[in-house]
Amino acid sequence: MQEEKNSHHVVLESGEGEDQLRFHVGVSDEAYQRAIELMDLEEGTISHDRRTDLFFQAMKETSKENREK
């Protein structure tokens, strides 16, 4: 139950048209905050594919931090 309170439901998209995929994922609070930081560093409009890439990057970075603790 504690993990549910510390997670965010995010819908990520990749591709377009018939090739479009939607991922419904639960993201830890740390990964969510890191993804926001990464998006703030981007200039201009962020595409759905780029947003998805940034969320996956944030999840990867924060999972490494958790393993080191």
Side-chain angles (χ1 to χ4, degrees):
M1 285 295 210
Q2 184 66 14
E3 284 189 31
E4 285 184 22
K5 291 181 181 180
N6 295 331
S7 68
H8 299 265
H9 177 256
V10 181
V11 178
L12 303 174
E13 298 180 8
S14 181
E16 293 182 11
E18 292 181 10
D19 294 329
Q20 184 181 42
L21 295 173
R22 283 188 169 179
F23 306 93
H24 294 256
V25 294
V27 180
S28 71
D29 193 44
E30 295 83 13
Y32 186 83
Q33 294 303 321
R34 180 62 182 142
I36 298 299
E37 291 171 6
L38 292 170
M39 286 188 278
D40 285 344
L41 296 173
E42 295 285 309
E43 294 182 11
T45 304
I46 301 172
S47 70
H48 290 295
D49 285 334
R50 182 65 181 144
R51 180 177 175 269
T52 298
D53 290 343
L54 293 173
F55 264 97
F56 280 127
Q57 177 182 339
M59 288 185 279
K60 192 174 193 178
E61 288 178 12
T62 56
S63 68
K64 285 182 184 178
E65 290 174 4
N66 290 335
R67 280 186 252 145
E68 292 175 358
K69 290 183 180 179

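- The aromatic rings of Phe56 and Phe23 stand perpendicular to each other, their planes meeting at an angle above 60°, with 30° marking the opposite boundary.
- Ala58 and Ala35 make their closest contact through CB-N, 3.5 Å (heavy atoms, listed as atom of the first residue, atom of the second, distance).
- Shortest non-hydrogen contact noted between Val11 and Arg22 is CG1-CD, 4.3 Å.
- For Gln57 and Glu61, the side-chain atoms include at least one donor-acceptor pair closer than 3.5 Å.
- Leu38 has its side chain within reach of Arg34: a pair of non-hydrogen atoms, C-beta onward, lies under 4.5 Å apart.
- When every heavy atom of His8 is checked against every heavy atom of Ser28, the shortest pair comes out as CD2-O, 4.3 Å.
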Item to complete: Before giving the answer on side-chain contact (heavy atoms from CB on, under 4.5 Å), spell out for Arg51 and Val10 the whole-Å C-alpha distance, their side-chain angles and the decisive distance to 0.1 Å.
Response: CA-CA 11 Å; Arg51 180 177 175 269; Val10 181; 3.6 Å; yes
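- For the atom pair CG (Asp53) and CD1 (Ile46), the distance works out to 11.0 Å, reported to the nearest 0.5 Å.
- Residues Ser14 and Asp49 share a closest heavy-atom pair of CA-OD1, 2.9 Å.
- Contact record, Glu13 with Thr52: O-OG1, 2.6 Å, taken as the closest heavy-atom pair.
- Among residues at least two apart or in separate chains, side chain to side chain donor-acceptor pair (under 3.5 Å) pairs with a member in residues 38-47 are Glu42-Arg50.
- Counted within 6.0 Å of CZ on Phe55, heavy atoms from surrounding residues, nucleotides or ligands total more than 12; the atom is thus considered enclosed.
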